[in-house]
Amino acid sequence: MTTRQRSSKGRPATPAPPLLNDVVGDGALHEPWPQVKMPHPPVRLADRERRIAMLAYERAESRGFAPGHELEDWLAAEREVDGQFEGRNQMT
């Protein structure tokens, strides 16, 4: 009869997870991940959000800061900023 190995605390030791080569099996080198072309140059999220906030503020200012249109202003500014990035990508 075989006995199970026990850990230092008296519990049965858990087996180690299989290595990647054990799962793949052949040990051969596989193709690297394909290169992905970005739809537009990367833009820092902070810069994008700052531009959106500025445009949304300008929209609110043009209405005299009348309440109730904050979300509408923000979403319109998002569309405008994202459209600028798309347009810049089409030119390159």
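Heavy-atom basis, side chains included; hydrogens, waters and symmetry copies ignored. All of these numbers come straight from a predicted model, not from anything done at the bench.
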Exercise. Salt-bridged, R63 to E58, with N to O below 4.0 Å?
Worked result: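 No, this pair does not count.
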Problem set entry | Heavy-atom pair with the smallest gap, counting every atom of A53 and W74 |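 What the structure gives for the nearest pair is CA-CZ3, 3.6 Å.
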For this session: Specify the closest pair of heavy atoms between A77 and L55, including all atoms of both residues, with the distance to one decimal.
Result: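 Scanning both residues, the minimum pair turns out to be CB-CB, 3.7 Å.
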Exercise. Between E80 and R59, is any pair of side-chain heavy atoms under 4.5 Å apart?
Worked result: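 Yes, side chains in contact.
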Exercise. Do E78 and R48 touch side chain to side chain, with heavy atoms closer than 4.5 Å?
Worked result: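 Yes, their side chains come closer than 4.5 Å.
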Exercise. CD1 of I52 to CG of D82: how many Å apart, nearest 0.5 Å?
Worked result: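 One gets 6.0 Å once the value is rounded to the nearest 0.5 Å.
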Problem set entry | More than 12 heavy atoms of other groups within 6.0 Å of E70 CD |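 More than 12 within 6.0 Å, yes.
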